[in-house]
Amino acid sequence: MSFYTKITRPLLFLFSLERVHNVALWLLGVVGRGPFGQWVLKKLFAWRSPQLEREVFGVKFPNPVGVAAGLDTNAKLYRQWGALGYGFVEIGTLTPRPQTGAPKPRMFAIPRDRGIVERMEYPNCGLEKAIKHLRRRAYGQKVVVGANIAPGSVTSPDKFTADYLRLFRNLYQYVEYFTVNVSALVSDAERYTNIDKKKVEEVLDALFDFRRGQNQYRPILLKVSPDWSLKQIDDMVDILIDTPLDGLVVAGGSTRLGGRMSERKLLRMSGGFMSGAPLLERTIELVDYVCRKMEHRYPVIGVGGVMTAEDVQRLLDAGASLVQCYSAVVYEGPGFAGRVCRKLSANASAAEHKA
Ligand SMILES: Cc1cc2nc3c(=O)[nH]c(=O)nc-3n(C[C@H](O)[C@H](O)[C@H](O)COP(=O)(O)O)c2cc1C
């Protein structure tokens, strides 16, 4: 047990999770603002090894462990996450204009299950400010940055594609890959579960068209939900095979996979998405299913429920090329990526030794 899990975490959970979370992120921002702070973070937490480097969808990653969307929504901390030892950061979900998201409270810890329930509804600083933050990348950082994009909450459905395109076009020179968040294209009536293949294709076509005219190639991924039926997941795999889509992010928070919550808590959290340990088995099952379905020809980023190095290894073994985490950062503290990378290196050395 680390100092974080023994002392810091129980103290944090005494207060509103979102407030404490924001204070922790602010602190990380202050500590790692300059090169000296980043050097200290690196020395204290990161684990680097050439064994862990990999090229996925044409992008070089220092290691396969990344920060999931929602943790660095406004692109303010990617340098700090890189210093802590994460190989990549998915900023966003970003929308064209700033938005405040759902009323608070909207983020709850379920310590018994090592889970988090959220119904944030994508609060973010909007495109313009995010670009301002991304311009700081000029100072040089190895961490890969991807952008998770979605239409604004007040955008009418006939303008969704225009919103995606605006984000894609304007962020194109600042990030290495894109994740298209299609939750806006999901019908509310069916509680986030019914995804329309045609609508997804329409959005992607607009992005492919723009990309064709560019000198640099930016991979495009699509984040699928663990709540979709296999038929809907199959539809997304078909899109992956039939179009220039580059990969899938499988699979994120779930409205169905509950933890063991009291009825009162359940009521307060209704409509929320579960993240954390309760998701792991479903994520592994889906990553395995998707990878088999497309015969391991396209990359998958696995996300949902990883809390230990073993969990990360299981997702990689199931076929994921990269893995993202959110809840593990909250439950396991800032040294999570470093500890995972150290273990993955040891696993890789053991495998080499055996061969
Ligand atoms: C508070 C919170 C905010 C999130 N915000 C986003 C978001 O803006 N966009 C998105 O695609 N996923 C978002 N997610 C989902 C995460 O990216 C991730 O898919 C999910 O938490 C499962 O990973 P985990 O089990 O490692 O936490 C959010 C999750 C949490 C807990």
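Starting from 1, each residue takes its place in the sequence as its number. For ligands, and for the atoms within them, numbers begin at 1 and follow the listed sequence.
- The protein heavy-atom contact nearest to atom 5 (N) of ligand 1 is Gly70 CA, 3.3 Å.
- Listed by number with element, the atoms of ligand 1 under 4.0 angstrom from any heavy atom of Gly305 are 24 (P), 25 (O), 26 (O).
- Separation of the Tyr172 and Phe210 ring centroids falls under the 6.0 Å cut-off.
- Within the 4.0 Å heavy-atom cutoff, Ala328 does not count among the residues contacting ligand 1.
- Atoms of ligand 1 lying under 4.0 Å from at least one heavy atom of Gly252, given by number and element, are 19 (O).
- Two different hydrophobic clusters hold Val23 and Leu71 under the rule that ILVMFWY side chains link at heavy-atom gaps under 4.5 Å.
- At a heavy-atom distance under 4.0 Å, no atom of Phe273 approaches ligand 1.
- Of the heavy atoms in Thr93, both backbone and side-chain atoms come closer than 4.0 Å to ligand 1.
- Note on Val300 and Ile241: same hydrophobic cluster, where clusters join Ile, Leu, Val, Met, Phe, Trp and Tyr whose side-chain heavy atoms are under 4.5 Å apart, directly or indirectly.
- In terms of protein heavy-atom proximity, atom 27 (O) of ligand 1 is closest to Ser327 OG, 2.6 Å.
- Both Phe208 and Leu240 belong to a common hydrophobic cluster when Ile, Leu, Val, Met, Phe, Trp and Tyr are linked at side-chain heavy-atom distances under 4.5 angstrom.
- Ring geometry for Phe57 versus Phe61: interplanar angle over 60°, hence perpendicular rather than tilted (30 to 60°).
- Summary of contacts: the protein heavy atom closest to atom 13 (C) of ligand 1 is Ala69 O, 3.3 Å.
- For the pair Tyr298/Leu245, no side-chain contact is recorded, criterion being any heavy-atom separation below 4.5 Å from C-beta on.
- Every atom of ligand 1 is numbered from 1 in the order shown, and the set under 4.0 Å from a heavy atom of Tyr122 is 7 (C), 8 (O), 9 (N).
- Counting non-hydrogen atoms of neighbouring residues, nucleotides and ligands closer than 6.0 angstrom, the CD atom of Gln214 exceeds 12 such neighbours.
- The protein heavy-atom contact nearest to atom 18 (C) of ligand 1 is Val303 CG2, 3.8 Å.
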Pair Asp288-Arg314, salt bridge (charged side-chain N to carboxylate O under 4.0 Å, His left out): steps then yes or no: CA-CA 10 Å; Asp288 180 63; Arg314 283 182 70 196; over 6 Å; no

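- Closest protein heavy atom to atom 20 (C) of ligand 1: Ser275 OG, 3.3 Å.
- With ring centers used as reference points, Phe168 lies 6.0 Å or more from Tyr164.
- Of all atoms in ligand 1, numbered sequentially from 1 with element shown, those under 4.0 Å from a heavy atom of Cys325 are 26 (O).
- Following chains of ILVMFWY side-chain contacts shorter than 4.5 Å, one cannot reach Tyr122 starting from Met120, and the two form parts of different hydrophobic clusters.
- Compare Tyr326, Tyr331, Phe108 by their heavy atoms: the one nearest to atom 26 (O) of ligand 1 is in Tyr326.
- Using 4.0 Å as the threshold, Asn148 has a heavy atom nearer than that to some atom of ligand 1.
- When each atom of ligand 1 is checked for a heavy atom of Gly304 under 4.0 Å away, the hits are 22 (C), 23 (O), 25 (O).
- By the criterion of a heavy-atom distance under 4.0 Å, the side chain of Lys223, and not its backbone, is placed next to ligand 1.
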